[in-house]
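Below is one structure; the comments refer to it alone.
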Amino acid sequence: MEKSKKQTVFSGIQPSGNLHIGNYLGAIKQFVRLQDETDALFCIVDEHAITVPQDPRILREKTLEVAMLYLAAGIDPKKAVIFIQSQVPAHAELGWILNTMTPLGELERMTQFKDKSAKSSKAGILAGLLNYPTLMAADILLYQTDLVPVGKDQKQHVELTRSIAERFNNRFGQTFKLPKELLNKQTARIMGLDNAEKKMSKSAESKNNHIALLDTPDEIRRKIKIAVTDSGSEIKYALKEKPAISNLVAIYSEFSDKPISDIEKMYFGKGYGDFKKDLAEVVVEGLKPLQEKFKTLEKDPEGVLKILRAGAKEAAERAGRTIKDVKKKLGFVL
Ligand code: AMP
Ligand code: TRP
């Protein structure tokens, strides 16, 4: 199929904290699959990361790390555009414009804002944290995106993006395509290893909450060994009754490419101990190719920067068309 006839896919990951298997299974694994069938753009959203204070040296390091993890996971710059958000100024420009049209109440209602702001005092909440979803809307709308592969926590932001786009189109005429979130049911919400009630998160307090993509095999084994389980001893996928084991079974299934029902059969009559031991090896092996590729990429940061600059150039060209149309419609003198 010709590129123009393919669906456009856009997604982004923040370069804050350590990427973990929740990010991988919920987002990156889908990116790799989608790059073959669609016209895909994958962004490292550094302007989103600074909505909470960042150490500049670490931000720079993490931005390159996310780029290398994209590449190490199998995103191919020949198939998809990989770029850094701040290298394409149209994102901040459209973000500002959308801010001027988005009611405060809609932003205050966002679950992620409520969660993140609950952690600070009112004086500590930055305006950018509230306005974060309008920047995300800009990211998506600039490329006339059809599909946004994300984890479940981002569904609400994509829905808001759709209503921002609709409102703009109604007022100024057809400008933006209406995007839709793309969730993988089995992995849209990978739960914490230390608490199956909460999602696995970069910002979790305990480092036993998640397996980072760059954790050593021993660390992976240790974290899985101490991961919480449920009462009983059966290895069964039953979200309500057995949330912790269901989470581990889903992780096993994704890393081994075995359907859940096969895993239940394999471990029929066996206990949590046996299952966890095997799961650890499945995850260690599953992450090995990515970790090896990462080590190679790390030796050539210039090569990675070159890929990112080329990506930004292409993204800027494409975003430029939309931002020009938007400015014209608003009455800005071009
Ligand atoms: P973030 O770490 O917030 O930048 O998220 C990057 C991507 O990973 C987004 O698409 C998130 O929805 C997804 N994601 C983050 N945490 C999880 C999780 N625990 N389970 C599934 N997807 C996740
Ligand atoms: N808000 C997303 C997250 O925290 C990151 C993000 C920013 C994003 N812009 C995006 C995701 C555009 C998808 C599309 O995970």
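For this chain, numbers begin at 1 and follow the sequence in order. Numbering of ligands and ligand atoms starts at 1, following listing order.
No donor-acceptor pair under 3.5 Å is formed between the side chain of Thr296 and the backbone N or O of Phe294. For the pair Gln291 (side chain) and Leu213 (backbone), a donor-acceptor distance under 3.5 Å is present. In this structure, Asp146 contributes its side chain and Thr8 its backbone to a donor-acceptor pair below 3.5 Å.
Below 3.5 Å of separation, one finds an N or O of Gln14 facing an N or O of ligand 2. Among the atoms of Ala27, none of the N or O lies under 3.5 angstrom from an N or O of ligand 1.
In terms of protein heavy-atom proximity, atom 14 (N) of ligand 1 is nearest to Asn23 ND2, 3.7 Å. The protein atom (non-hydrogen) at minimum distance from atom 10 (O) of ligand 1 is Gly151 N, 3.2 Å. Scanning the protein heavy atoms around atom 12 (O) of ligand 1, the nearest turns out to be Asp153 OD1, 2.4 Å. When hydrogens are left out, the protein atom nearest atom 3 (O) of ligand 1 is Gln14 NE2, 4.0 Å; that is the closest non-hydrogen contact. The protein atom (non-hydrogen) at minimum distance from atom 2 (C) of ligand 2 is Gln154 OE1, 3.3 Å. In this structure, the protein non-hydrogen atom closest to atom 5 (C) of ligand 2 is Gly12 O, 3.5 Å. Atom 1 (P) of ligand 1 has its closest protein heavy atom at Lys202 NZ, 3.5 Å. Nearest protein neighbour of atom 4 (O) of ligand 2, counting heavy atoms only, is Tyr132 OH, 2.7 Å.
With ligand atoms numbered from 1 in the order given, ligand 1 contributes 16 (N), 18 (C), 19 (N) to contacts under 4.0 Å with heavy atoms of Met200. Here is the list of ligand 1 atoms found below 4.0 Å of a heavy atom in Gln154: 12 (O). Ligand-side atoms of ligand 1 in range of Arg189: 20 (N), 21 (C), range being under 4.0 angstrom from any heavy atom. Residue-ligand proximity, Ala188 to ligand 1, at heavy-atom distances under 4.0 Å covers atoms 20 (N), 21 (C), 22 (N). The ligand atoms of ligand 1 that sit less than 4.0 angstrom from a heavy atom of Ile190 are 18 (C), 19 (N), 20 (N), 21 (C). Within ligand 1, the atoms closer than 4.0 Å to a non-hydrogen atom of Gly26 are 21 (C), 22 (N), numbered from 1 in the order shown.
Considering only non-hydrogen atoms, atom 9 (N) of ligand 2 lies nearest to Asp139 out of Ile13, Val148, Asp139, Leu135. For atom 22 (N) of ligand 1, the nearest non-hydrogen atom from the set Gly22, Ser201, Ser203, Gly17 belongs to Gly22.
With a heavy-atom cut-off of 4.0 Å, Ser11 does not touch ligand 1 at all. The residue Leu25 has no part lying near ligand 1, judged by heavy-atom distances below 4.0 Å. Counting heavy atoms under 4.0 Å from ligand 2, residue Val150 touches it through the side chain alone.
Between Phe275 and Tyr252, the ring centre distance stays below 6.0 Å. In this structure, His91 has its ring center under 6.0 Å from that of Tyr143. Here the two rings, on Phe176 and Phe168, have centers that are under 6.0 Å apart.
The closest approach between a heavy atom of His20 and any atom of ligand 1 is below 4.0 Å.
Here the shortest heavy-atom pairing between Ile75 and Ala80 reads CG2-CB, 4.1 Å.
Looking only at atom types and distance, the side chain of Asn184 has a donor-acceptor partner in the side chain of Thr187 under 3.5 Å away. Counted by atom type alone, Ser86 and Asp46 present one or more donor-acceptor pairs between their side chains at under 3.5 Å. Residues Gln54 and Ser16 have side chains that never bring a donor and an acceptor to within less than 3.5 angstrom of each other.
The cationic group of Lys265 does not satisfy the cation-pi geometry with Phe268, failing either the under 6.0 Å distance to the six-membered ring centre or the 45° limit from the ring axis.
When Asn99, Ile140, Thr134 are each tested for a side chain to side chain contact (heavy atoms under 4.5 Å, CB included) with Ile164, only one passes: Thr134.
Note that the OG atom of Ser231 and the CD atom of Glu241 stand 8.5 Å from one another [nearest 0.5 Å].
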